[in-house]
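In what follows, a single structure is set out as C-alpha cells and then discussed.
Residue numbers begin at 1 in each chain, while the letters A, B, ... track the order of the sequences. The shown structure was predicted, so the numbers you read here are calculated from the model rather than taken from an experiment.
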There are 2 protein chains.
Amino acid sequence: MERAGIPATTIQRLPLYLRCLLQAEEQRIPLVNSGTLAEMCGTNAAQIRKDLSYLGELGTRGIGYEVRALIEHISAVLGITERRRAVLVGFGRFGGALLGYPGFAERGFDIVAVFDSDPDKIGVSVGGLTVLSVDELEGVLQATGAEIAIMTTPGDVTQELADRLVRAGVRGILNLAPVRLVVPEGVAVRQVCLSTDLQVLSFHLAQNTL
Amino acid sequence: MERAGIPATTIQRLPLYLRCLLQAEEQRIPLVNSGTLAEMCGTNAAQIRKDLSYLGELGTRGIGYEVRALIEHISAVLGITERRRAVLVGFGRFGGALLGYPGFAERGFDIVAVFDSDPDKIGVSVGGLTVLSVDELEGVLQATGAEIAIMTTPGDVTQELADRLVRAGVRGILNLAPVRLVVPEGVAVRQVCLSTDLQVLSFHLAQNTL
DNA sequence: TGATGTGAAGAGGTTCACAGCT
DNA sequence: AGCTGTGAACCTCTTCACATCA
C-alpha cells in the first residue's frame, strides 16, 4: 500500500472525510461524488479528489465513490481497522472527563489503563478501570501493549513522564499539558492547547475591531 | 498598528512565543536573541526572526529582543492586553472540567456565564457562577458583552446554538463538539477534536510498522 | 455525458544567506 | 563582532482546467 508521500494536511482531513462518509452510510447513501462529499465536509471538490487520489484510484469516472469501499480504504490508511489501545496519564479534571467520553471507543480507541501519582486517586475505580500508580507505568504498558498515551498531567512532570512512556514503547502521544514535548524520531506528538486556541480567536476579534 | 498580512501560521505560533517569554521573564532574563528563543520554543532562529518581523522591528541588531517589550507587543497583537469575556455553552463532562481550569483566567480569559439545557443542571452553582438555561443566551450575552463562546454541546444541537450565539454578538467560537460549524464571514472558529488527533496518531503508528 | 484523476499554475510558508545596524 | 531584518530561493499545499475513462 502506497502510504508514504501523503501530505500531512491530507492526513489531517481524512478523519473528517471518514465522519461524513459514515454519516452518508447511515443515511443509506451508497455512492457519493466529490461535490456532495465536499459540501458535507465544508471543503471543495478539487481538494477531495486530490486527497483521495493519494490513497489510490478509489473512484469510478462518470460515477463517483462507493461509500462503503471508501470507508474501508480510509480506515486502512489511518490504521484503524483493528482497535488501538491507549493509556491515560493524569486523572485530574480533564483526565476524568476524557475517561467518560464514549467518542474514543466509538472510533476504535480503547483506554486500557489510567495512571496518576496522587495517592488519593490511586485505587479509585472508574468505568471498569482502576487508577494505577505511575510507578507501574512500564509494567502495565508492557502487559497491555498500548502504543498511544493521552497526557493530562501538570506541566512540570509531563516531559519526564513522556520520556518514560516512550522508553516503554509508546509511539504516539496526545498531549493536553501546556508543554512542548521533545520526543525521539519515530514518535508522533499531537499538542492540544485550548488557551492557545483562545488566543488565536482573540487575534481575530482584535482584527475585526480596527 | 500593522496587523494585516501576518500569516495565519505566524499567529498560531505567537501564543507559544508568549509562553516562553513569560517563562524567561520569570527567570529574570531581560534579553533574548532569536537563537535562544528558538531553542526554548523548539523551532529555529530564522522562523522566530521572520515571525517577529511581521509585528514590526522589535529587536536591536547585535543585541536581541527585550523580553518585557516583546511580551507587550505580542500581547497587543493577540488583543489580550485587556481581559476578554467568554461564555461556556454545555455543562457536561468537558464543560465542567473546563470551568475548573485556571489556565484561561491566567491568560486573560474570563468565563462569565455557563449555559445548559438540562433542567437538572440549570441552577447548579459552580465556581462563582450559576448554570443558566440556554433560553437566556441572548439576554446574558447582551448584558455581559462576551464575544467568545466555548462550546461543549452534543453534536446535533451545536450548529443551531452557534447560529444563536453569532446572532447575539459572538465572533469567536472554540468548538469541542465533533461538528463542522458553518458561520458567517467575520466569525472565527477553532475546532478541537481529540478523536481526530488520535486518528492522526494512529496513521503515524501504522506508518512505522511497515 | 459526467465525474474522476492529474499535470500545471498559483498561493502560502519556510529556510537560506547576507546586507545593514549597533 | 554580533544579531536582526529581509529579499530570494525553495518547498509544500491548494486550486484550476482538462484529458481520461466508464
(message) At under 4.0 Å between heavy atoms, how does the protein contact nucleotides 12-22 of chain D? Give one character per nucleotide, 5' to 3', with B, S or -.
(response) -SSB-B--BBS
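Residue pairs satisfying the salt bridge (charged side-chain N to carboxylate O under 4.0 Å, His left out) criterion with at least one member in residues 161-170 of chain B, sequence neighbours excluded, are listed as follows: B:Glu138-B:Arg164. Screening residues 65-78 of chain B for salt bridge (charged side-chain N to carboxylate O under 4.0 Å, His left out), with sequence neighbours left out, gives B:Glu25-B:Arg68, B:Arg68-B:Glu72. Residue pairs meeting the salt bridge (charged side-chain N to carboxylate O under 4.0 Å, His left out) criterion with at least one member in residues 194-208 of chain B, sequence neighbours excluded, are A:Arg190-B:Asp197. Listed by first then second residue, pairs satisfying side chain to side chain donor-acceptor pair (under 3.5 Å) with a partner in residues 172-189 of chain A read A:Asn175-A:Gln191, not counting sequence neighbours.
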(request) Any chance you could encode DNA chain C as dot-bracket? Rule is Watson-Crick or G-U wobble with both distances under 3.5 Å; [ ] for pairs crossing earlier ones, | for another strand. (result) ||||||||||||||||||||||
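With no hydrogens or angles considered, a side-chain donor-acceptor pair links B:Thr153 and B:Thr158 at under 3.5 Å.
Near-neighbour residues of DNA chain C inside residues 20-30 of chain A, defined by a heavy atom below 4.0 Å, are absent. Proximity of residues 179-188 of chain B to DNA chain C (heavy atom under 4.0 angstrom from any strand atom) is not detected for any residue.
Between the side chain of B:Arg107 and the main chain of B:Ile80, no donor-acceptor pair closer than 3.5 Å is present. Under a 3.5 Å cut-off, the side chain of B:Ser202 and the backbone N or O of A:Leu78 do form a donor-acceptor pair. Judged by distance alone, the side chain of A:Arg83 and the main-chain N or O of A:Ala105 form a donor-acceptor pair under 3.5 Å.
Note that CG of A:Leu52 and OH of A:Tyr65 are 5.0 Å apart. Values are rounded to the nearest 0.5 Å.
Across B:Leu129, B:Val126, B:Thr152, a single residue satisfies side-chain contact (heavy atoms from CB on, under 4.5 Å) together with B:Phe91, and that is B:Val126.
Nucleotides of DNA chain C lying under 4.0 Å from heavy atoms of chain A occupy a range whose first and last members, 5' to 3', are C:dG2 to C:dA8.
Take A:Ala86 and apply the side-chain contact (heavy atoms from CB on, under 4.5 Å) test, not counting sequence neighbours, and it matches A:Ile148. With sequence neighbours excluded, no residue forms a side-chain hydrogen bond (donor to acceptor under 3.5 Å, both in side chains) with B:Glu160.
Other residues, nucleotides and ligands place more than 12 heavy atoms under 6.0 Å from the CD atom of A:Gln27.
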Pair up each side-chain donor or acceptor in residues 13-23 of chain B with any protein partner under 3.5 Å, not counting sequence neighbours, and list the distances.
| unit_1 | atom_1 | unit_2 | atom_2 | d |
| --- | --- | --- | --- | --- |
| B:Arg13 | NE | B:Asp51 | OD2 | 2.7 |
| B:Arg13 | NH2 | B:Asp51 | OD1 | 3.1 |
| B:Arg13 | NH2 | B:Asp51 | OD2 | 3.4 |
| B:Tyr17 | OH | B:Asp51 | OD2 | 2.5 |

(request) Begin from the C-alpha positions of A:Leu161 and A:Phe115 and carry the test side chain to side chain contact (heavy atoms under 4.5 Å, CB included) through to its verdict. (result) CA-CA 11 Å; A:Leu161 284 168; A:Phe115 299 96; over 6 Å; no
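No engagement by A:Leu52 is indicated, since no non-hydrogen atom pair under 4.0 Å with the nucleic acid exists.
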